[in-house]
Protein chains: 2
Amino acid sequence: MATGRTHRPATRSRGIPEATVARLPLYLRALTALSERSVPTVSSEELATAAGVNSAKLRKDFSYLGSYGTRGVGYDVEYLVYQISRELGLTQDWPVAIVGIGNLGAALANYGGFASRGFRVAALIDADPAMAGTPVAGIAVQHTDDLDRIISENGVSIGVITTPPGAAQQVCDRLVAAGVTSILNFAPTVLSVPEGVDVRKVDLSIELQILAFHEQRKAGEDATAEDEGAPPMRATPAGRKGPDGDMPAVMPA
Amino acid sequence: MATGRTHRPATRSRGIPEATVARLPLYLRALTALSERSVPTVSSEELATAAGVNSAKLRKDFSYLGSYGTRGVGYDVEYLVYQISRELGLTQDWPVAIVGIGNLGAALANYGGFASRGFRVAALIDADPAMAGTPVAGIAVQHTDDLDRIISENGVSIGVITTPPGAAQQVCDRLVAAGVTSILNFAPTVLSVPEGVDVRKVDLSIELQILAFHEQRKAGEDATAEDEGAPPMRATPAGRKGPDGDMPAVMPA
DNA sequence: ATGTCTTTGTGAACGCGTGCACAAAGATTG
DNA sequence: CAATCTTTGTGCACGCGTTCACAAAGACAT
């Protein structure tokens, strides 16, 4: 019944701050690029610039992993690539299942960035019987009925949800029941999961709205005298709202 | 030329904390759902549960917007929907341009969540001449050469980048030059933008890597004695130490 | 009107993350 | 070997965000 925690426990894992963990992939990407150019070492300053962060922050981040640098020289690129990869668990292979093969699901399946590092699309699952067997990105789509079997047979522990919002929670529950303990949710829904299951969400609509907020603010800075718009009279509780029908009766993403 | 700040200035806008702004869309979604069910009022507790957050946090968030609640009763749903919409700038229409119409770009163009609230796909732009004119999601794709004109003619201030990583910075620069001041970046690249331009990134790969980290940690908790694998010899920069490993004694997860 | 009950709004404490600034460490040069 | 120079690693202070806990405010019943 999907009655569980909704937010991550913020369990400070093994002393590495969550904020640092979130930046490690950034460093890894920059380091990989350097590695491909056969650059042997980098200073914290250079690497920080490449990763778009502060150099002090980068050094502190690395200090949580250990002392991998050489003073007066910098960091050994190859060595650091390996250390971060190991820390992130990318030295092993993670089979991933994508549930909901619509526009987005198919796009993700085709996305090259998946297989690039440690991740492998192990299964595509959809509720539409007509899609069963259809190959997407070279992989045959399987039906939701077999979800349990698919997950366990492939040893999938990371699931990606790209279903319509209405189906997301149900799919989530089934994934968790089948053994998935990490979920990447693209559906615009708040997922409830039991403790011990990690959920990360990617929400286009939310990102756009945040941008819109700042955009509006920027536009409003010039015209400070700008009228706030017609402040519709307070809709007295249990009463009626403004006559000008201010309500956008539109459904959100 | 892309020489500018990379991170947002964290400019505390109008007294509303960034963290709060990021949650407003969440509240708005939950409120819209309630509105459709014609629920007149909600308590902070109910709404918080629906949005997946703490009720105290929700109340504090709302307190930044003003006192919109009624003690002993709760919040008027319709009124709050309007207030948050206005605060986020969703009462006006935001024309959005998507650059890079590959798998992902096309998927986003088709994504219903776009038009749902305040956002309208005003233009689709791609560098492939063969795509020019091809309709995607009912909109004809236009060529990159006309980017400047397209942006200014449509008054686009929000751009979405779904190009390959190599082209992202260049596209970004052109968007900014054309007048775009908010960018949603799906390309796995660190974008440099001048001050005053907001960038938000959505990165599938990074999200997966963060999940993998936690997944590994969870798996490692049981088997603490797990072997760390073969630690590759440290590429000692210009100086050798014991071959046995000056491996920083990092503890196994 | 008075009292009770519910729920908001917020003061205050706490913890996390960030950035500064510098001492320590090692490379490098004379 | 001593001096100098570069860059790391980190102690410390500060600010933001979260959470607790409670007084104030209003609804509602008597």
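Here is how names work: the chains are called A, B, and so on, in the same order as the sequence lines, proteins then strands, and each is numbered from 1.
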Just how far is it from atom CG of A/L28 to atom CG of A/L80, taken to the nearest 0.5 Å?
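Here the interatomic distance stands at 9.0 Å.
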Donor-acceptor check, side chain of A/E207 to backbone of B/V202, threshold 3.5 angstrom: yes or no?
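A pair under 3.5 Å: no.
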From the list [options], which nucleotide is the closest neighbour of the side chain of [X]?
X	options	result
A/E18	C/dG17, D/dT19, C/dA27	C/dG17
B/T70	D/dT19, D/dG26, C/dG17	D/dG26
B/A56	C/dA27, D/dA21, C/dC20	D/dA21
B/S43	D/dT18, C/dT7, C/dA21	C/dT7

With a cut-off of less than 4.0 Å, is there a side-chain N or O of [X] near OP1 or OP2 of [N]?
X	N	result
A/R23	C/dT18	yes
B/Y75	C/dG9	yes
A/S44	D/dT8	yes
A/K57	C/dG19	yes

Does any donor atom in the side chain of [X] or [Y] lie under 3.5 Å from an acceptor atom in the other side chain?
X	Y	value
B/T20	B/D61	yes
B/E46	B/T49	no
A/R86	A/T91	no

Roughly, in whole Å, what's the span from [atom1] in [X] to [atom2] in [N]?
X	N	atom1	atom2	answer
B/L47	C/dT8	CG	C1'	13 Å
B/L80	C/dT8	CG	P	11 Å
B/L58	C/dT7	CG	C1'	12 Å
B/K60	D/dC22	NZ	C1'	13 Å
B/R59	D/dG17	CZ	P	19 Å
B/E46	C/dT8	CD	C1'	14 Å
A/D76	C/dG26	CG	P	16 Å
B/Y64	C/dT8	OH	P	17 Å

Tell whether B/R71 reaches the base of C/dT8 with its side chain through a donor-acceptor pair below 3.5 angstrom.
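Present.
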So which one's nearest nucleotide on DNA chain D is more toward 5', A/G72 or A/S63?
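Nearest-nucleotide comparison on DNA chain D picks A/G72.
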